[in-house]
Amino acid sequence: MQYWLMKSEADVYSIEQLQADRRTMWDGVRNYQARNNMQAMKKGDLVLYYHSRQDPSAVVGLARVVNEAYPDPTQFDRDHKYFDEKASVESPRWYLVDIEFVRQFQHPVSLHDIKADAALSEMVLVNNSRLSVQPVRESEFMHVLRLAGEPALK
DNA sequence: GCCAACGTTGGC
DNA sequence: GCCAACGTTGGC
């Protein structure tokens, strides 16, 4: 089992929307490092769901990987904003995973709280703030759950 | 809404 | 292969 953090702007695709949809294709990632991280994901991996560009930016809940990486269909669609003319069905550039809603936190863990916590000082979120799909250590994942006041997962 | 930090592109 | 120019992200 590996752990991850995925970011979304709350007004673009919020955790409330994920809950309503139950699951979603994580399309539109056009950054190689983030893509590589998605390609490393395994079914059942757990994801910290983070809202960026809101006040305050925070980890707001959990999601789970339900389908491992496959080509992002939006890269082939000429009419889509995520179209990539350098990609082809024979040699795709961009991959995505499907994730499902697990739970929303009663008490989100803000970026401020994460930065203030010595146990989380090596989180990618703190040191490479622009990466939208990033690995999280098990100890960091559990620590964030504790800060949220959430019960541990079975 | 501003702008620093970062990633990508393309001219040379 | 360097690096300036450009576009994007995301904290503030």
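To find a chain, count down the sequence lines: A is the first, B the second, and so on, and within it residues start at 1. Just so you know, these numbers use all the heavy atoms, side chains as well, and skip hydrogens, waters and symmetry mates.
- Within the 4.0 Å cut-off from OP1 or OP2 of C/dG10, at least one side-chain nitrogen or oxygen of A/Lys7 is found.
- Protein atom CD of A/Glu9 is 15 Å distant from nucleotide atom P of C/dC12, rounded to whole Å.
- Between A/Tyr50 and C/dT9 there is no side-chain N or O to OP1 or OP2 distance below 4.0 Å.
- Under a 3.5 Å cut-off, the side chain of A/Asp72 and the backbone N or O of A/Gly28 do form a donor-acceptor pair.
- Atoms OH (A/Tyr32) and C1' (B/dT8) sit 9 Å apart, rounded to a whole Å.
- We find that CG of A/Asn128 is positioned 14 Å from C1' of C/dG11, with the value rounded to whole Å.
- Going from atom CZ of A/Arg130 over to atom P of B/dC3 covers 17 Å, rounded to whole Å.
- Mapped onto DNA chain B by nearest heavy atom, A/Gln33 and A/Arg53 fall at different nucleotides, with A/Arg53 at the one closer to the 5' end.
- Residues A/Asp77 and A/Tyr82 fail the side-chain proximity criterion, which asks for heavy atoms closer than 4.5 Å.
- Using a 4.5 Å heavy-atom cutoff, the side chains of A/Arg30 and A/Arg93 are not in contact.
- For the segment residues 70-97 of chain A, no residue has any heavy atom less than 4.0 angstrom from an atom of DNA chain C.
- Between A/Trp26 and A/Tyr13, the ring planes lie perpendicular to each other; the angle is over 60°, past the 30° to 60° tilted range.
- Regarding A/Arg30, its CZ atom lies at a distance of 12 Å from the P atom of B/dT9, rounded to whole Å.
- Contact check, A/Ser129 against C/dG10: no side-chain N or O comes under 4.0 Å of OP1 or OP2.
- Judged by distance alone, with hydrogens and angles left aside, the side-chain atoms of A/Gln2 form a donor-acceptor pair with the main-chain N or O of A/Ala40 at under 3.5 Å.
- The interatomic distance linking A/Asn31 (CG) with B/dT9 (P) rounds to 11 Å, in whole Å.
- Inter-residue side-chain proximity for A/Val29 and A/Trp94 is flagged as unmet; no heavy-atom pair is nearer than 4.5 Å.
- Nucleotide C/dG11 holds its C1' atom 11 Å from the CG atom of A/Leu125, rounded to whole Å.
- Of the possible polar contacts, one joining the A/Asn37 side chain to the A/Val133 backbone as a donor-acceptor pair under 3.5 Å is found.
- Following rounding to the nearest Å, A/Met123 (CE) and C/dG10 (C1') show an atom-to-atom distance of 16 Å.
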